[in-house]
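The structure appears below as structure tokens.
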Amino acid sequence: MPRRSRFGGITRSRRWLTAPAVAGALVLSACGGSTPVPAPSATSDAPSSVAAASASASASASTVPASPSPSAAPVRLDDATKARLQASLEQTFAAATVGGAQTPGAIAYVSVGDQEWISALGVSDVETKAPIDPAGHGRIGSITKPIVASAVLVLVDQGKLSLDDPLAKYIPGIANGDRITVRQLLSMSSGVWNYTTDQQLVDTFATAPMTQWTIDQTIDLIRSHPADFAPGEKVAYCDSNFVLLGRIAEIVTGQPISDVVRTLVTEPLGMTGTRMPADDQPDVPDPSIGSYQPVGGQPSAIPDLNPTFAWTAGAATSTVTDLARFAREVTDGSLLSPELQAQRLATTTFTGIPLDVGYGLGVLNMNDLIGHNGDITGGGGTMLRLPEQDATFVVLVNLSTNAENSSGAIANALIDDLYPGQTVHR
């Protein structure tokens, strides 16, 4: 059974960001439970706004065609359905523990067509017991990846780089860099060594999250290791791919990645609550939903995290409504040409995973669901869309390690409640 990558996805080694970790966090696994803890809640209804993602992959895995959704009565978010979703959220949240610690707070978002449901449970501050704000900002881990991928794909459409460009054209010295393409970096089929498999490095940032670190150090670390496999031989989740893509985007634009993402993705989509942080922005913007990791079975505050460690593989922050908007973008592709959007959504199954779970150009599929998930020290989330039903699911939580949080279990419960058979459970 594959283990998670560090920033929230699935990978062969127990790491921080992952897509199959999406499957891991969201679908492949569910977090353990504990005694229910009472928590304040807030729910709201508002006009819908949404967006989404999914893409392509490699040679030795077979391409996964989109399967038709089973016929069923259309789902409506009427009062009875909202009450059912609220009950599912409360039940799953009560059991939402990581490392023996109860998750302090969670926000869930569901939309179907123009109908929308948002609910927040728990607290943003375990000391003051301040209730979590449904509009609050949280860490999103590997959901950063499809956002960065969107920026890279816009640059492809603009002719500033090609999917077939070799990695070595921009970043020399990486094993197989003359044969690895931008497309293979986006589709998790490059074979580049995964820097978050360096357990000592990951442990350093778990215990000292503001440790001094630079992107050049990450790239030098990748350069110092042989490839994990030949380019195109497998599809395997790897955080290094997206650090390299972030640097490529900076090279071709001459701009820091925070500006690239803002001008090409978040501003055009109206994602005012989403931030790809600059190197000097280690915090979660206000209003923050909080940022905790489990220590000794208790939530321990981690307000600041050096963004240069996770960087374009997992350092972004966002809100549930922004991620809902982005989820629609991923599936509908308003920023991309139709040809490139089709390539983004052409997913290939992960090597060695006997489930309908695959990766495209910076996007994950699980059965008919498209999106991503993310785990990072201090928080994480799950963002999935069922495009044929015009349904979107987003969950943010404020307790996470680099490999596990409860957003996947919560999202699974909500999806199973409305669309049974779409989630992937191991």
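- Judged purely by distance below 3.5 Å, without hydrogens or angles, the side chains of Gln86 and Glu90 pair a donor atom with an acceptor atom.
- A pairwise comparison of heavy atoms in Ala135 and Pro287 identifies O-CG, 4.3 Å as the closest pair.
- Under the 3.5 Å distance criterion, with hydrogens and angles disregarded, no donor-acceptor pair is assigned to the side chains of Trp193 and Ser240.
- Checked options Val192, Thr218, Asn194, Leu244; the residue passing with Asp239 is Asn194 (criterion: side chain to side chain contact (heavy atoms under 4.5 Å, CB included)).
- Atom OG1 of residue Thr274 and atom CD1 of residue Ile147 lie 5.5 Å apart, to the nearest 0.5 angstrom.
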List the steps, then state whether side chain to side chain contact (heavy atoms under 4.5 Å, CB included) holds for Met276 with Thr312.
CA-CA 8 Å; Met276 180 66 227; Thr312 45; 4.1 Å; yes

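- In terms of modelled atom types and a separation under 3.5 Å, the side chain of Asp375 and the main chain of Gly380 share no donor-acceptor contact.
- Between the side chain of Thr181 and the backbone N or O of Gln184, at least one donor-acceptor pair lies under 3.5 Å.
- To the nearest 0.5 Å, atom CG of residue Leu153 and atom CG of residue Leu336 are 5.5 Å apart.
- No side-chain donor-acceptor contact under 3.5 Å links Gln422 and Asn367.
- Asn412 is not listed as a side-chain neighbour of Thr92, based on a closest heavy-atom distance of 4.5 Å or more.
- Side chains of Ser406 and Leu399 form no contact here, defined as non-hydrogen atoms less than 4.5 Å apart.
- Residues Val235 and Phe229 are not in side-chain contact: their nearest non-hydrogen atoms beyond the backbone lie 4.5 Å or more apart.
- Across all non-hydrogen atoms, the minimal contact from Leu186 to Ala149 is CD2-CB, 3.7 Å.
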CA sep, side-chain torsions, deciding dist, call: Leu155, Thr253, side chain to side chain contact (heavy atoms under 4.5 Å, CB included)
CA-CA 9 Å; Leu155 292 172; Thr253 62; 3.6 Å; yes

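- In this structure the side chain of Arg76 never reaches within 4.5 angstrom of the side chain of Val112, judged on heavy atoms.
- The minimum heavy-atom distance linking Leu384 with Ile415 is given by the pair CD1-CD1, 3.9 Å.
- The SG atom of Cys238 sits 7.0 Å away from the CE atom of Met188 when rounded to the nearest 0.5 Å.
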Apply side chain to side chain contact (heavy atoms under 4.5 Å, CB included) to residues Leu418 and Leu85 and explain how you reach the verdict.
CA-CA 9 Å; Leu418 299 186; Leu85 291 172; 4.0 Å; yes

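- Between atom OG of residue Ser190 and atom CG of residue Leu185 there is a gap of 5.0 Å, rounded to the nearest 0.5 Å.
- The pair Asp322-Arg275 does not count as a salt bridge, with every side-chain nitrogen at least 4.0 angstrom from each carboxylate oxygen.
- Taking each heavy atom of Ala315 and Ala310 in turn, the nearest pair found is N-CB, 3.9 Å.
- Residues Thr214 and Asp216 bring no donor and acceptor atom of their side chains to less than 3.5 Å of each other.
- Using modelled atom types, no side-chain atom of Gln91 and backbone atom of Ser88 make a donor-acceptor pair closer than 3.5 Å.
- The ring pair (Phe, Tyr, Trp, His ring centres under 6.0 Å) with Tyr195 is formed by just one residue from the set Phe309, Trp213, Phe242; it is Phe309.
- Counting heavy atoms from C-beta on, the side chains of Thr103 and Asn398 come closer than 4.5 Å.
- Within the 3.5 Å criterion, the main-chain N or O of Glu404 finds a donor-acceptor partner in the side chain of Ser400.
- With hydrogens and angles ignored, the 3.5 Å screen pairs a side-chain donor or acceptor of Gln102 with a backbone N or O of Phe93.
- Distance OH/Tyr109 to CG/Leu414: 13.0 Å, rounded to 0.5 Å.
- Asp125 contributes no side-chain N or O that, together with a main-chain N or O of Ala130, makes up a donor-acceptor pair within less than 3.5 Å.
- Once rounded to the nearest 0.5 Å, the distance linking CD1 of Ile257 with CG of Leu264 reads 8.5 Å.
- Under the 3.5 Å distance criterion, with hydrogens and angles disregarded, no donor-acceptor pair is assigned to the side chains of Gln293 and Thr401.
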Assess whether side-chain hydrogen bond (donor to acceptor under 3.5 Å, both in side chains) is satisfied between Thr204 and Thr211, documenting all intermediate values.
CA-CA 8 Å; Thr204 294; Thr211 296; 6.0 Å; no

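- Formation of a donor-acceptor pair under 3.5 Å by the Ser288 side chain with backbone atoms of Pro285 is not found in this model.
- When side chains are defined from C-beta on, Leu386 counts as touching Tyr419, because their heavy atoms get closer than 4.5 Å.
- For the residue pair Ser334 and Asp332, no side-chain donor N or O sits within less than 3.5 Å of a side-chain acceptor on the partner.
- Side-chain polar atoms of Tyr237 and Lys145 form a donor-acceptor pair below 3.5 angstrom.
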Kindly determine whether Gln389 and Val75 satisfy side chain to side chain contact (heavy atoms under 4.5 Å, CB included), including the steps that lead there.
CA-CA 8 Å; Gln389 304 295 335; Val75 171; over 6 Å; no

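- Taking the side chain as every heavy atom from C-beta outward, Ile174 and Ile222 approach each other to under 4.5 Å.
- The nearest pair of heavy atoms linking Gly381 to Ser407 is C-OG, 3.2 Å.
- Residues Thr392 and Arg385 have side chains in contact (heavy-atom distance under 4.5 Å, counting atoms from C-beta outward).
- The heavy-atom pair separating Pro282 from Pro307 by the smallest distance is CA-CD, 3.9 Å.
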